[in-house]
2 protein chains.
Amino acid sequence: MNKEFYKLKSSLIKTLANPTRLMIVDCLRKGEKTVSDIVKTIQDEQSNVSKNLSILKNQGIIKDRKVGLNVYYSLKCTCIKEFFGCLDVMISENLEYQQELINNSKKTEG
Amino acid sequence: MNKEFYKLKSSLIKTLANPTRLMIVDCLRKGEKTVSDIVKTIQDEQSNVSKNLSILKNQGIIKDRKVGLNVYYSLKCTCIKEFFGCLDVMISENLEYQQELINNSKKTEG
DNA sequence: TAACAATATGCTAATATGACCATATTGTCA
DNA sequence: TGACAATATGGTCATATTAGCATATTGTTA
């Protein structure tokens with residue numbers, strides 16, 4: 001197995017493994033937005049949003065476009081939908097699993 | 001936006017943002033495997049593999065089954081395919097993008 | 001050019017993560 | 001039960017990541 005390839009892949013995933021960046025990406029799924037739009041939507045510090053935008057951009061996940069004072073950001077890749085689709089399935093299955101664990105422990109308690 | 005939800009989501013993604021764990025998941029896509037099978041395939045320390053298997057299991061990404069001395073691990077979620085599909089698209093697009101950057105810098109150099 | 005608005009960057013301390021090694025646990029079989 | 005094989009866990013140190021703050025940069029308009 002080619003470890004370098006997996007390192008590359010994991011660094012891409014790492015970029016998405018951050019709540020602020022996930023919120024940004026989710027926000028951009030609705031279309032192109034300026035930095036201040038995003039700041040308002042996700043209610044975070046401007047400097048934080050800006051920093052995380054540049055991290056996402058460096059990983060090639062989003063792109064930008066300057067118009068006067070504003071910078072418009074948008075998703076580069078539409079397949080992000082499938083990415084999140086799988087995550088949502090995993091999360092809901094995981095919740096069911098944890099629910100089962102709770103139920104089973106209740107059974108053995110009594 | 002519900003920050004707690006994004007934290008949950010990012011912790012799930014974080015679990016996959018590690019080369020060793022990615023190798024394990026990829027290895028398990030071919031079917032159920034014992035710990036020592038995985039150790040051989042990905043050529044890592046047994047203790048590392050074991051630890052990362054338990055991290056994947058705790059996040060509900062894989063499941064296990066004990067048979068005598070052996071523990072068989074397998075993927076819980078088949079949608080992982082879509083997850084990786086999107087990543088692969090992003091990686092190849094990113095490579096193209098970086099290639100462009102290199103080409104453009106060559107143009108302006110001359 | 002001064003004042004302002006939008007965005008980006010540098011620094012820092014707290015926290016999280018990783019690999020590695022030694023060792024523990026669990027199960028089998030003679 | 002003792003020896004062994006498969007797997008899991010604990011401790012540790014180096015490194016990575018994060019948010020928050022202050023400040024810098026860039027662009028506009030009067």
Side-chain angles (χ1 to χ4, degrees), chain A residues 1-25 27-28 32-74, chain B residues 1-25 27-28 32-74:
Chain A
M1 282 184 140
N2 178 0
K3 187 143 189 173
E4 282 312 307
F5 173 69
Y6 287 96
K7 272 190 194 166
L8 183 67
K9 211 161 185 164
S10 75
S11 75
L12 175 59
I13 301 176
K14 202 169 285 176
T15 306
L16 292 166
N18 173 282
T20 304
R21 292 195 287 274
L22 278 183
M23 286 196 273
I24 291 174
V25 168
C27 173
L28 292 181
E32 204 185 38
K33 297 256 189 306
T34 66
V35 177
S36 47
D37 285 341
I38 301 170
V39 169
K40 269 177 218 149
T41 305
I42 78 176
Q43 309 211 56
D44 206 335
E45 283 237 337
Q46 179 274 322
S47 67
N48 247 328
V49 171
S50 211
K51 208 172 291 180
N52 283 309
L53 280 168
S54 96
I55 292 172
L56 285 165
K57 187 186 161 191
N58 286 338
Q59 272 290 350
I61 296 168
I62 63 175
K63 60 187 176 188
D64 64 347
R65 181 172 76 88
K66 239 179 185 166
V67 180
L69 277 175
N70 298 299
V71 179
Y72 289 87
Y73 282 93
S74 57
Chain B
M1 283 183 138
N2 178 359
K3 188 144 191 173
E4 282 312 307
F5 173 70
Y6 287 95
K7 272 190 193 168
L8 183 67
K9 211 160 186 165
S10 76
S11 76
L12 176 58
I13 301 176
K14 203 169 284 178
T15 306
L16 292 166
N18 172 283
T20 304
R21 292 195 286 275
L22 279 182
M23 285 196 273
I24 290 174
V25 168
C27 174
L28 292 181
E32 204 184 39
K33 298 256 187 309
T34 66
V35 177
S36 47
D37 285 342
I38 301 170
V39 169
K40 269 176 218 149
T41 305
I42 77 175
Q43 309 211 58
D44 205 332
E45 283 235 338
Q46 180 274 321
S47 66
N48 246 327
V49 171
S50 211
K51 209 171 290 183
N52 283 309
L53 280 168
S54 95
I55 292 171
L56 286 165
K57 188 187 161 192
N58 287 337
Q59 274 289 350
I61 295 168
I62 61 176
K63 60 187 176 188
D64 64 346
R65 181 171 74 90
K66 240 180 185 165
V67 180
L69 276 176
N70 297 300
V71 179
Y72 289 86
Y73 282 93
S74 57

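Only heavy atoms go into these numbers, but all of them, side chains included; no hydrogens, no water, no symmetry mates. Order of the sequence lines fixes the chain letters, A, B, ..., with proteins taken first and strands second; residue numbering starts at 1 for each chain.
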Checklist entry - Under 4.0 Å between a side-chain N/O of A:Ser50 and OP1 or OP2 of C:dA8, yes or no? => result yes
Checklist entry - Which part of the nucleic acid, if any, lies within contact of B:Ser36, taking any heavy atom under 4.0 Å across all strands shown: a base, the sugar-phosphate backbone alone, or nothing? => result sugar-phosphate
Checklist outcome for this item: The residue, A:Ala17 or A:Leu69, whose nearest nucleotide of DNA chain D is more 5′ is A:Ala17
Checklist entry - Which heavy-atom pair separates B:Ile24 from B:Val49 by the least distance, and what is that distance? => result CD1-O, 4.1 Å
Checklist entry - B:Leu28 and B:Tyr73: which non-hydrogen atoms are nearest, and at how many Å? => result CD2-O, 3.4 Å
Checklist outcome for this item: Checking C:dT7, D:dT26, D:dA19 against the side chain of A:Lys66 (C-beta onward), the nearest is D:dT26
Item to check | Whole angstrom value for the distance that separates P of D:dA16 from CZ of A:Arg21 | outcome: 15 Å
Next on the checklist: Using a 4.0 Å heavy-atom cut-off, does A:Asn48 contact any base of the nucleic acid, only the sugar-phosphate backbone, or nothing at all?
Outcome noted: base
Next on the checklist: Taking any heavy-atom pair under 4.0 Å as a contact, classify A:Tyr73: base, sugar-phosphate, or nothing.
Outcome noted: sugar-phosphate
Checklist outcome for this item: B:Asn70 CG to C:dC29 C1', in whole Å, measures 15 Å
Checklist entry - Between A:Lys3 (NZ) and C:dG18 (C1'), how many Å, whole number? => result 10 Å
Item to check | B:Asn18 side chain near C:dT17 phosphate (N/O to OP1/OP2, under 4.0 Å) | outcome: no
Checklist entry - Hey, is the side chain of B:Ser47 pairing donor to acceptor with the base of C:dC20 inside 3.5 Å? => result no
Checklist entry - When you measure from the side chain of A:Val71, which nucleotide among C:dT9, C:dA8, D:dG27 comes out closest? => result C:dA8
Item to check | Considering all heavy atoms, the nearest A:Cys27-A:Ile38 contact | outcome: SG-CG1, 4.2 Å
Item to check | Whole-Å distance separating the CD1 atom of B:Ile38 from the C1' atom of D:dA8 | outcome: 14 Å
Checklist entry - In whole Å, what is the span from the CG atom of B:Asp44 to the C1' atom of C:dA19? => result 9 Å
Next on the checklist: Measuring only between side-chain heavy atoms, which start at C-beta, is A:Ser11 closer than 4.5 Å to A:Gln59?
Outcome noted: yes
Item to check | Quiz item: B:Lys51 side-chain donor-acceptor pair to D:dG11 base, under 3.5 Å | outcome: yes
Item to check | Heavy-atom side-chain contact between A:Leu12 and A:Ile61 under 4.5 Å | outcome: yes
Checklist entry - With distance as the sole criterion, do the side chain of B:Glu45 and the base of C:dA19 form a donor-acceptor contact below 3.5 Å? => result no
Checklist entry - Toward the 5' end of DNA chain D, which comes first, B:Asp37 or A:Lys14, by nearest nucleotide? => result B:Asp37
Checklist entry - Could you give the CD-to-P distance, from B:Gln46 to D:dA5, as a whole number of Å? => result 14 Å
Checklist entry - Roughly how many Å is it from CG in A:Leu53 to C1' in C:dT7, rounded to a whole number? => result 10 Å
Checklist outcome for this item: B:Arg65 atom CZ is separated from C:dG27 atom C1', nearest whole Å, by 16 Å
